Amino acid sequence: MARLAQTAGLTDIQQEILSTVRGFVDKEILPVATELEHRDEYPQQIVDGLKELGLFGLMIPEEYGGLGESLLTYALCVEEIARGWMSVSGIINTHFIVAYMLKQHGTQEQKDHFLPKMAAGDIRGAFSMSEPALGSDVSAITSKAVRDGEEYVLNGQKMWLTNGGTSNLVAVLVRSDEGHPEGTAPHKSMTTFLVEKEPGFGEVRPGLTIPGKIDKMGYKGVDTTELIMDGLRVPADRVLGGVTGRGFYQMMDGVEVGRVNVAARGCGVAQRAFELGVQYAQQRHTFGKPIAQHQAIQFKLAEMATKVEAAHAMMVNAARKKDSGERNDLEAGMAKYLASEYCKEVVEDAFRIHGGYGFSKEYEIERLYREAPMLLIGEGTAEIQKMIIGRRLLEEYRFQG
């Protein structure tokens, strides 16, 4: 039987990359994912394997030591990795967003310094926008940078930092009122700083503290932390792009491709949930026959497979639109919204097919059931996606009365 969610029009190189990643997932991730997840253990061996495959430099240009591949190739790789264990795809995603922001917005010196090491996996990236009282209102950021000679002094508290402990480079968004007169729109007085640090927890450089991991319902293995800046001094040449006031736009550009990534993760988790559901339905017998032969279960499988296909198609469309150089916030928002919602529904249906056994930690679907909700809020909630979609639709379909 052909796998669901096939992608037409791929090059031989893309197919070879995906085949390699799929083989790695089947051999190195799926057999150990649930055990590591239950222990909330960082998957160092898996990460080292992905480093050897060159995945950390997949979209970094060849001139900097990367593979120079497209967003579509990257998204399809993420889909495969999330099918094995969503947390691993999260480790790569934050790194990828920082590398993308550097490639698109960094100074030449910043690109030359960071991108080769990021492509090799020696520098691991994380990015930070959210704050404890912030939610989805990025314009309400209170963390602040103040100029002091050739440095900036940063103060404030950030929240929900994926890879906060294991990364050694963090792109941090803060307010910077210097050069921006009073009354300037908040999003025009924000700056992204490239903050280098030591991996680990506690005080990782003077003025910068990474407290211990936040204990989560799911999405375990990957470390999620706070970030506390108290008199953190950052050189002026570590302002992303070299100019203050552009941070909001830089971060939103990164989040836009991150939404394609989250959509890809939703597709991968949904695919795995379907695989588990259709397999169990053929093994479990009730009333003298496999439950897969009961019409009620066949209906569920049909709905699940259709949702997997639809989400995958929208994710691929959003990635291809971005690769073409066109604006894709509408497509990325739709893909992220649909894929995360469908992922939750497909996982729940697979959980229902498993019956009581789905509630047991012995079965993999229990892990997926706890992981899927994170996709509903990561890189913008469903409500935020619908706001973006609605505003863009009104732009496209403006009534001329």
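As the structure is a prediction and not an experimental result, all values here were calculated from the model.
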Open item on the list: Check the orientation of Tyr369 and Phe351. Use parallel for under 30°, tilted for 30 to 60°, and perpendicular for over 60°.
Closed with: parallel
Task: Sequence neighbours excluded - salt bridge (Lys or Arg N to Asp or Glu O under 4.0 Å) pairs with any residue from residues 251-260 - done: Asp253-Lys322, Glu256-Lys322
Task: Minimum side-chain heavy-atom gap Phe193-Val239 below 4.5 Å - done: yes
- [ ] Kindly indicate whether the side chain of Ile353, heavy atoms from C-beta on, has any atom under 4.5 Å from the side chain of Ile297.
- [x] yes
Task: Atom CD of Gln298 with >12 non-hydrogen neighbours under 6.0 angstrom - done: yes
Task: Interatomic spacing from CD in Glu226 to CD1 in Ile210 - rounded to 0.5 Å - done: 9.5 Å
Open item on the list: Are Val174 and Met229 packed together at the side-chain level, in the sense that at least one heavy-atom pair is separated by less than 4.5 angstrom?
Closed with: yes
Open item on the list: If I take atom NZ from residue Lys321 and atom CG from residue Asn317, how far apart are they, to the nearest 0.5 angstrom?
Closed with: 7.0 Å
Open item on the list: Using 0.5 Å steps for rounding, measure from the CG atom of Leu72 to the CG atom of Asp323.
Closed with: 6.0 Å
Task: Residue Gln45 excluded, over 12 heavy atoms near CD under 6.0 Å - done: no
Task: Heavy-atom closest pair, residues Ala264 and Val78 - done: CB-CG1, 3.9 Å
Task: Note, Lys361 side chain near His38 side chain (heavy atom, < 4.5 Å) - done: yes
Open item on the list: Is it the case that over 12 heavy atoms from other parts of the model lie below 6.0 angstrom from the CG atom of Asp122?
Closed with: yes
Open item on the list: With a 3.5 Å distance limit and no angle check, can you tell me whether Thr73 reaches the backbone of Glu69 through a side-chain donor-acceptor pair?
Closed with: no
Open item on the list: Any heavy-atom pair between the side chains of Phe56 and Val47 that's under 4.5 Å?
Closed with: yes
Task: Pair Ser167, Arg124: side-chain N/O donor-acceptor within cut-off below 3.5 Å - done: no
Task: Residue pair Met314 / Lys336, side-chain heavy-atom distance below 4.5 Å - done: no
TODO: Answer yes or no: are there more than 12 heavy-atom neighbours, outside Lys213 itself, under 6.0 Å from its atom NZ?
DONE: yes
Open item on the list: Does Lys307 qualify as a cation-pi partner of Tyr342, given the criterion of NZ or CZ under 6.0 Å from the six-membered ring centre and within 45 degrees of its axis?
Closed with: yes
- [ ] Determine the minimum heavy-atom distance between Gly277 and Leu301, stating which atoms define it.
- [x] C-CD2, 4.2 Å
TODO: State, to 0.1 Å, how close Asp112 and Pro116 come at their nearest heavy-atom pair, and which atoms those are.
DONE: O-CD, 3.4 Å
Open item on the list: Can you confirm whether the side chains of Glu364 and Thr34 place a donor and an acceptor under 3.5 Å from each other?
Closed with: no
Open item on the list: Please tell me whether Glu131 and Ser143 have a donor and an acceptor in their side chains that are separated by less than 3.5 angstrom.
Closed with: yes
TODO: Would you mind reporting whether Val269 and Glu79 have side-chain heavy atoms less than 4.5 Å apart?
DONE: no
Task: Residue list, salt bridge (charged side-chain N to carboxylate O under 4.0 Å, His left out) with Asp148, at least two apart or on another chain - done: Arg233
Task: Note: Lys197-Glu203 ion pair, threshold 4.0 Å (strictly below) - done: no
- [ ] May I ask you to decide if Asn93's main-chain N or O and Asn261's side chain share a donor-acceptor pair within less than 3.5 Å?
- [x] no
Open item on the list: With a 4.0 Å cut-off on N to O distance, would you call Glu331 and Arg320 a salt bridge?
Closed with: no
- [ ] Mind checking salt bridge (charged side-chain N to carboxylate O under 4.0 Å, His left out) for Glu41 and listing every partner two or more places apart, or none if nothing turns up?
- [x] Arg39
TODO: Taking all non-hydrogen atoms of both residues into account, name the closest pair between Cys77 and Leu18 and its distance.
DONE: N-CD2, 3.7 Å
Task: Lys220 bridged to Glu37 by N-O distance under 4.0 Å - done: no
TODO: Applying salt bridge (charged side-chain N to carboxylate O under 4.0 Å, His left out), run through Lys344 and Glu348 and close with a yes or a no.
DONE: CA-CA 6 Å; Lys344 177 202 68 166; Glu348 182 172 344; 5.8 Å; no
TODO: Would you check if the side chain of Arg83 reaches a backbone N or O of Gln271 as a donor-acceptor pair within less than 3.5 Å?
DONE: no
Open item on the list: Quick one, Val260 and Asn328 - any side-chain contact, counting heavy atoms below 4.5 Å?
Closed with: yes
TODO: Just do the salt bridge (charged side-chain N to carboxylate O under 4.0 Å, His left out) check on Asp329 and Arg327 with the steps written out, would you?
DONE: CA-CA 6 Å; Asp329 53 342; Arg327 180 178 179 180; 3.0 Å; yes
TODO: Tell me, with the steps shown, if Asn163 and Asp223 meet side chain to side chain contact (heavy atoms under 4.5 Å, CB included).
DONE: CA-CA 5 Å; Asn163 288 337; Asp223 50 289; 4.3 Å; yes
Task: Glu16 atom CD, over 12 foreign heavy atoms within 6.0 Å - done: no
Open item on the list: If we count only N and O atoms by modelled type, under 3.5 Å, do the side chains of Thr191 and Thr244 hold a donor and an acceptor together?
Closed with: no
Open item on the list: Please check this pair: side chain of Glu80 against backbone of Ser19, looking for a donor-acceptor N/O pair closer than 3.5 Å.
Closed with: no
Open item on the list: Is it the case that the side chains of Glu371 and Trp85 hold a donor-acceptor pair, with the cut-off being a distance below 3.5 Å and no angle test?
Closed with: yes
Open item on the list: Could you measure the distance from the OG atom of Ser340 to the CE atom of Met374? Nearest 0.5 Å is fine.
Closed with: 10.0 Å
- [ ] Looking only at non-hydrogen atoms, find the nearest pair between Leu76 and Met315 and report the distance.
- [x] CD2-CE, 4.1 Å
TODO: Classify the side-chain pair His113/Gln108 by whether it contains a donor and acceptor separated by less than 3.5 Å.
DONE: no
Task: side chain to side chain contact (heavy atoms under 4.5 Å, CB included) between Leu194 and Met101, intermediate numbers included - done: CA-CA 11 Å; Leu194 300 169; Met101 290 168 59; over 6 Å; no
TODO: Assess the side chains of Ser360 and His354: does a donor N or O sit below 3.5 Å from an acceptor N or O?
DONE: no
Task: Within 6.0 Å of CZ in Arg147, more than 12 heavy atoms from elsewhere - done: yes
TODO: Give the intermediate values and the outcome of side chain to side chain contact (heavy atoms under 4.5 Å, CB included) for residues Leu330 and Glu395.
DONE: CA-CA 11 Å; Leu330 175 64; Glu395 289 178 18; over 6 Å; no
- [ ] Please check if atom CD in Glu326 has more than 12 non-hydrogen atoms from other residues, nucleotides or ligands closer than 6.0 Å.
- [x] yes
TODO: Find the distance between CG (Leu276) and CD (Glu366) and round it off to the nearest 0.5 Å.
DONE: 12.0 Å
Open item on the list: What verdict does the side chain to side chain contact (heavy atoms under 4.5 Å, CB included) test give for Tyr64 and Lys111, after you've listed the backbone C-alpha separation in whole Å, the side-chain angles of each residue and the deciding distance to 0.1 Å?
Closed with: CA-CA 8 Å; Tyr64 299 108; Lys111 295 176 186 178; 3.7 Å; yes
Task: No-hydrogen, no-angle side-chain donor-acceptor test under 3.5 Å, His105 and Thr192 - done: no
Open item on the list: Is it true that, when you exclude Arg205 itself, more than 12 heavy atoms of the residues, nucleotides or ligands shown sit nearer than 6.0 Å to its CZ?
Closed with: yes
- [ ] For the residue pair Lys216 and Thr224, confirm or rule out a side-chain donor-acceptor distance under 3.5 Å.
- [x] yes
TODO: State the NZ-CG distance between Lys158 and Leu227, to the nearest 0.5 angstrom.
DONE: 8.5 Å
- [ ] Search all heavy atoms of Lys300 against all heavy atoms of Asp349 and return the closest pair with its distance.
- [x] NZ-OD1, 3.5 Å
